[in-house]
Amino acid sequence: MSKLGNLGARLYRGEVGYDFIGKRKIWYGVSILITITAIVGLAVRGLNMGIEFSGGAVFTTPKTSVSTEEAQHHAESAAPGHQAMVQKLGGGALRIQISGLDTKQSVPVQEEIAKDLKVPVQDVNTQLVGPSWGEQIANKAWLGLGIFMVLVVLYLAVAFEWRMAVAALVALIHDLTITVGVYALVGFEVTPGTVIGLLTILGYSLYDTVVVFDSLKEASKDITKQTRFTYSEIANRSINGTLVRSINTTVVALLPVAGLLFVGGGVLGAGMLNDISLALFVGLAAGAYSSIFIATPLVADLKNSEPQMKALAKRVAAKRASAAAKEAARQEGGDAGADEGADEDAEGAEGAAVVGPRTQPEPRNRGGRGRPSGRRR
């Protein structure tokens, strides 16, 4: 068995483990700090909405030797007052998108771009997107997200309990906030591919959280009938028991996504791959983090507020205190018995040294009959 597999087995059996629940305040603080950073980035920089949402024109050029910086300068010169974004496509082609252009404005801009890039006008493909279409996509995305959240809460409330549903909902919002904040900080364009990536990570984050919740539900069955563990301790054992599985699942999922992000987007220059892969990469990592450090500790906090769990914690503490007192008394009794035995041995040795061995009495001189001495009278 590999070292990681051996560690997973030991974590599952409870032989080793990390106190996730006991140190939950640290992870709460880390999550709050990351969330605040994401919100500040979103408020300061905002999202770079693609033309699918804001409307505009997309010009696709044939192979050219002009760099993206030069092409962006030419595009902004051709359409003053409009923001341009240029991406390098495979084969040396360029994708130039300019927001806020209508049909009348797109024709002269197309001619100017073809002239600056020294390519035929008919080879420059133009695609117009109206803002109403992007608004419809955004509304449907929000509607789908709301329906998904409601169904998640209802399912978890029925399959598990409402506390786990609340914790899972908080974890999902946590993952979405971090992902959107990273998009704002990095400056990637928000496209329909981004929306697809966000909806995908919600399902993955929920899956990882439900795995831990299922283990916790099984381990906490009839928990009030025993006095060995508190709910927090059982929750911590559940996290440790599924820790290696969560790590393996996350790594296996992140590797192909990282290939899309760094190889497909960075090397090949595929814009749509960047939109989807960045959302998936950040969301998968945030989902694995939240299921371990946010969702389950939050469930433990909510459960520990119940009167029966408070009573269980008191019984467990009382039993452990009683066992500790008995152990201390036993050790003190053993030490006292050992001291008494040592004192008796010392006294015996001292008495033996003082009294010493018994001396034989001297033979008495028998005056009557006796053995002749051999002396003649």
Side-chain angles (χ1 to χ4, degrees), residues 6-33 156-157 159-168 170-171 208-247 289-346:
N6 187 28
L7 176 61
R10 296 180 64 191
L11 286 169
Y12 181 79
R13 292 192 297 266
E15 298 175 2
V16 295
Y18 179 80
D19 191 7
F20 293 98
I21 306 299
K23 299 180 180 180
R24 62 189 181 280
K25 293 183 179 180
I26 298 177
W27 307 116
Y28 288 166
V30 172
S31 298
I32 291 174
L33 180 61
L156 292 179
F160 299 97
E161 58 174 307
W162 68 268
R163 295 169 187 82
M164 291 184 177
V166 171
V170 172
D208 209 22
T209 302
V210 168
V211 169
V212 183
F213 283 177
D214 186 66
S215 176
L216 177 57
K217 178 184 177 181
E218 184 66 24
S220 61
K221 186 179 180 180
D222 298 330
I223 185 176
T224 56
K225 297 180 180 179
Q226 54 85 41
T227 56
R228 293 183 59 190
F229 304 106
T230 64
Y231 189 89
S232 296
E233 293 170 345
I234 292 180
N236 194 70
R237 289 170 64 93
S238 299
I239 297 176
N240 283 278
T242 58
L243 181 61
V244 174
R245 176 180 178 178
S246 298
I247 293 175
Y289 170 84
S290 63
S291 64
I292 296 173
F293 297 98
I294 302 298
T296 309
L298 186 58
V299 171
D301 284 337
L302 294 175
K303 290 290 291 185
N304 287 331
S305 62
E306 295 181 352
Q308 55 183 354
M309 294 304 164
K310 292 180 180 180
L312 174 62
K314 291 181 180 179
R315 293 198 303 269
V316 172
K319 182 178 179 180
R320 292 177 180 176
S322 176
K326 291 180 180 179
E327 181 66 18
R330 187 185 65 80
Q331 291 180 357
E332 291 178 359
D335 295 340
D339 294 340
E340 291 176 0
D343 293 340
E344 291 178 357
D345 293 341

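Starting from 1, each residue takes its place in the sequence as its number.
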Do the side chain of [X] and the main chain of [Y] share a donor and acceptor less than 3.5 angstrom apart?
{"X": "Asn240", "Y": "Asn236", "value": "yes"}
{"X": "Lys217", "Y": "Ala159", "value": "yes"}
{"X": "Gln331", "Y": "Ala328", "value": "no"}
{"X": "Arg24", "Y": "Asp19", "value": "no"}
{"X": "Asp222", "Y": "Lys225", "value": "no"}
{"X": "Thr242", "Y": "Ser238", "value": "yes"}

Practice problem: Have a look at Val299 and tell me which of Val212, Ile294, Leu216 forms a side chain to side chain contact (heavy atoms under 4.5 Å, CB included) with it. | Solution: Leu216

Exercise. Look at Arg163 together with Glu306 and state whether they make a salt bridge at an N to O cut-off of under 4.0 Å.
Key: yes

Quiz item: Between Glu233 and Lys303, is there a side-chain N and carboxylate O pair less than 4.0 Å apart?
Solution: no

Which heavy atom of [X] sits nearest a heavy atom of [Y], and at what distance?
{"X": "Ser305", "Y": "Leu302", "value": "OG-O, 2.5 Å"}
{"X": "Ala167", "Y": "Leu298", "value": "CA-CD2, 3.7 Å"}
{"X": "Ala295", "Y": "Phe213", "value": "CB-CZ, 3.9 Å"}
{"X": "Phe20", "Y": "Leu243", "value": "CZ-CD2, 4.0 Å"}
{"X": "Ala219", "Y": "Ile234", "value": "CB-CG2, 3.6 Å"}
{"X": "Ile21", "Y": "Pro297", "value": "CD1-CA, 3.7 Å"}

Practice problem: Look at the rings of Phe293 and Trp27 and say which category their plane angle falls in: under 30° parallel, 30 to 60° tilted, over 60° perpendicular. | Solution: tilted

Exercise. Apply side-chain contact (heavy atoms from CB on, under 4.5 Å) to the pair Tyr18 and Ile292, showing each step before the final yes or no.
Key: CA-CA 11 Å; Tyr18 179 80; Ile292 296 173; over 6 Å; no

Nearest 0.5 angstrom please: [X] [atom1] to [Y] [atom2], how far?
{"X": "Arg237", "Y": "Ser232", "atom1": "CZ", "atom2": "OG", "answer": "13.5 Å"}
{"X": "Ser246", "Y": "Ile239", "atom1": "OG", "atom2": "CD1", "answer": "9.5 Å"}
{"X": "Thr230", "Y": "Asn304", "atom1": "OG1", "atom2": "CG", "answer": "7.0 Å"}

Quiz item: So do the side chains of Ser291 and Thr296 get within less than 4.5 Å of each other, counting heavy atoms only?
Solution: no

Quiz prompt | Leu33 side chain near Tyr28 side chain, heavy-atom distance below 4.5 Å | solution = no

Quiz item: Of all residues at least two apart in sequence or in a different chain, which pass the ring pair (Phe, Tyr, Trp, His ring centres under 6.0 Å) check with Phe229?
Solution: none

Quiz item: Does the side-chain contact (heavy atoms from CB on, under 4.5 Å) test come out yes or no for Leu156 and Thr209, once each step is laid out?
Solution: CA-CA 11 Å; Leu156 292 179; Thr209 302; over 6 Å; no

Quiz item: Does CD in Glu327 sit with more than 12 non-hydrogen atoms of other residues, nucleotides or ligands closer than 6.0 Å?
Solution: yes

Anything under 3.5 Å between a donor and an acceptor, one on a side chain of residues 309-316, the other on a protein residue two or more places apart or in another chain? List them.
residue : atom : partner : partner atom : Å
Arg315  : NH2  : Thr224  : O            : 3.1

